[in-house]
Structure formats: C-alpha cells, structure tokens
Amino acid sequence: MLNKSQTVAAIETMMTEFPDVKSELKADSDFHFLLAVILSAQATDKSVNSATPALFRRFPQPEDLAVADVKEVEQYIKNIGLYKNKAKYLVACSRSLMENYHSQVPQTMKELTSLAGVGRKTADVVLADCFNIPTIAVDTHVARICKRLRIVSQKDTPAQIEQILMKKLPRSMWIRAHHTLIFWGRYRCQARKPLCETCPLFSVCQEGQNRLKQDIN
DNA sequence: CTCCCGATAT
DNA sequence: ATATCAGGAG
C-alpha cells in the first residue's frame, strides 16, 4: 500500500500530465449540473452532454420538471443508459427540490442524498463542483486507479476509498485530486487499456508490475 | 444482491 | 460478442 507521501507524489505526477482538470459535464446552473450528474451514472459524459442542451431548454427550472410527464422526459434522455430510472429520478428530484428546498440545490450531504437519484458519489460531486466544499467523490475511475496503484486495497468499497484518500491527502488537494484521478482514469489508465508502456507511474504501480510479470500489454 | 440500459471501444 | 461508462434504488 502506498503511504501518504507516496500517494501525494503519485497524484502530483498525474497533475503534471493533466494541469487543467474540471468537470466535463455541461450545465448553466447548479440545478442543471445536479441533473447532469444524476444522468451520468454508468454513462459517458459525452452521451450526457449530447442530451442535456435540449432537456435543459425544455425544463429551465425545478418547477418545470416537477410537473413534467415522465414519458416526455424519457424522450429527451433515451440515448443515455438506464434512462427510464433516470427520468423518474429527475422528476422526483425536482419535486423534492421545490417542496423541501425552495427550489435551491442544498449544500449538505444529508440533504443532497435525500433527493431521488442522488447517492453519496453524486452528492460529493455537487458539493465540490457547485459549492467548492472539499470532498472526494469515488466513481469507477477513482476506484480503479486507487486499486491499481494500491493506494487502497482491492476489497475497499467506494465509501472506504473516500475515507482513505481523505486521510492520505491534505484537504487543500481533495477537489483537484478527485478531478485528476478522473482524467487519469479516462485518458491515461483506462479500464481496458492501461498504457503501462509509457506510464510515468509504472515503477510505483503494483498493477503495472503484475502485468509485466504476466506479460500482458 | 439484482436490476436498470444505450452508445462506444476493443 | 463483450466490457465499460462520473451509480442508485429496492
């Protein structure tokens, strides 16, 4: 397992390759950003961004989506996976925002996860990207990278990974480290194509060493 | 744990 | 053909 200083060093190496990291989800308001993050579950940002402009034009405010027909919402997002569940979430979420939060996106974990379709990961993303509140959202990329590098152990759950990262990284790094890990997972150390041959972290990466032994790549 | 689920890369 | 993609609810 990588210790604190090794973990910080690994993240800093990633930062040199991706100096300007931020969310790639497009949105013009906190409300629309929340919807985009809900839609992004098990889907690529690209597919979400291709659907959201029309959706957001049709439903500018929580009040508009709260009274919408779920079937109509489905038509706007049917090119995204899991679209039937997501359509329900969007309407129910908007209704709750309207009825319980004055149509404002709340700023606490507890309130955010009370919304339909919003779990811990989505809440973490909103806290960090909308309100600049330090969190480390653990998605599929963050989990994979941390496991390959042995920043965490193979059996750790996303919630455990989040706790370990918060211990190993200074709070001032959390939000940027999160985005950096996403970019690293998306463009450098992909699930099916780790690109170990040219990886600057190869020498400290347990997964890289394993692949070398087994002659993968 | 299972179910949800289209688009894309491999 | 199959794995993967900014997961969450029941």
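In what follows, every chain begins at residue 1, and chains take the letters A, B, ... in the order their sequences are listed. Note that the structure is predicted; figures quoted are calculated from it, not measured.
For A/E111, the side-chain hydrogen bond (donor to acceptor under 3.5 Å, both in side chains) partners at least two apart in sequence or on another chain are A/T108. Taking A/D139 as the reference, nothing meets the side-chain hydrogen bond (donor to acceptor under 3.5 Å, both in side chains) condition, with sequence neighbours excluded. In this view, A/E63 and A/S103 satisfy the side-chain hydrogen bond (donor to acceptor under 3.5 Å, both in side chains) rule, not counting sequence neighbours. Remark: A/R186 engages A/E24, A/D45 in a side-chain hydrogen bond (donor to acceptor under 3.5 Å, both in side chains) (not counting sequence neighbours). Partners of A/R95 under the side-chain contact (heavy atoms from CB on, under 4.5 Å) rule, at least two apart in sequence or in another chain, are A/A66, A/V91, A/E99. In this view, A/F31 satisfies the ring pair (Phe, Tyr, Trp, His ring centres under 6.0 Å) rule with no residue, not counting sequence neighbours.
The shortest side-chain heavy-atom distance between A/V37 and A/K121 falls under the 4.5 Å cut-off. Between A/Y76 and A/R57, the closest side-chain pair of non-hydrogen atoms is not below 4.5 Å. No side-chain heavy atom of A/L25 sits under 4.5 Å from any side-chain heavy atom of A/L39. No side-chain heavy atom of A/T16 sits under 4.5 Å from any side-chain heavy atom of A/P200.
With A/F59 as the partner, the side-chain contact (heavy atoms from CB on, under 4.5 Å) test is satisfied by one option alone out of A/L90, A/D64, A/V67: A/D64. Here the options are A/Q6, A/M173, A/M1, the test is side-chain contact (heavy atoms from CB on, under 4.5 Å), and the partner is A/K168; only A/M1 passes. Applying side-chain contact (heavy atoms from CB on, under 4.5 Å) to A/V21 and the options A/L181, A/T180, A/I182 leaves one that passes, A/T180.
Near-neighbour residues of DNA chain B inside residues 105-139 of chain A, defined by a heavy atom below 4.0 Å, are absent. Interface residues of residues 55-89 of chain A facing DNA chain B, ordered by number: A/K78, A/N79, A/I80, A/G81, A/L82, A/Y83, A/K84, A/N85; criterion, heavy-atom separation under 4.0 Å. Contact check of residues 27-41 of chain A against DNA chain C (heavy atom, cut-off under 4.0 Å) returns A/S40, A/A41. Only at 4.0 angstrom or more do the heavy atoms of residues 148-163 of chain A sit from any atom of DNA chain B, so none qualifies.
Atom C1' of B/dC4 sits at a distance of 14 Å from the matching atom of C/dC5, rounded to the whole Å. Atom name P, nucleotides C/dA6 and B/dT10: the rounded distance is 13 Å, in whole Å.
Using a 4.0 Å heavy-atom criterion, one finds that A/T140 contacts the sugar-phosphate atoms exclusively. At a threshold of 4.0 angstrom between heavy atoms, the contacts of A/A191 are confined to the sugar-phosphate backbone, with no base atom among them.
In this structure, A/F18 and A/Y187 have tilted ring planes: the angle between them lies in the 30° to 60° band.
Residue pairs meeting the ring-ring contact (aromatic ring centres under 6.0 Å, His included) criterion with at least one partner in residues 85-143 of chain A, sequence neighbours excluded, are absent.
Nearest-nucleotide positions on DNA chain B place A/A43 closer to the 5' end than the other of A/R192 and A/A43.
In the 5' to 3' direction, nucleotides of DNA chain C lying under 4.0 Å from heavy atoms of chain A begin and end at C/dT2 to C/dA9.
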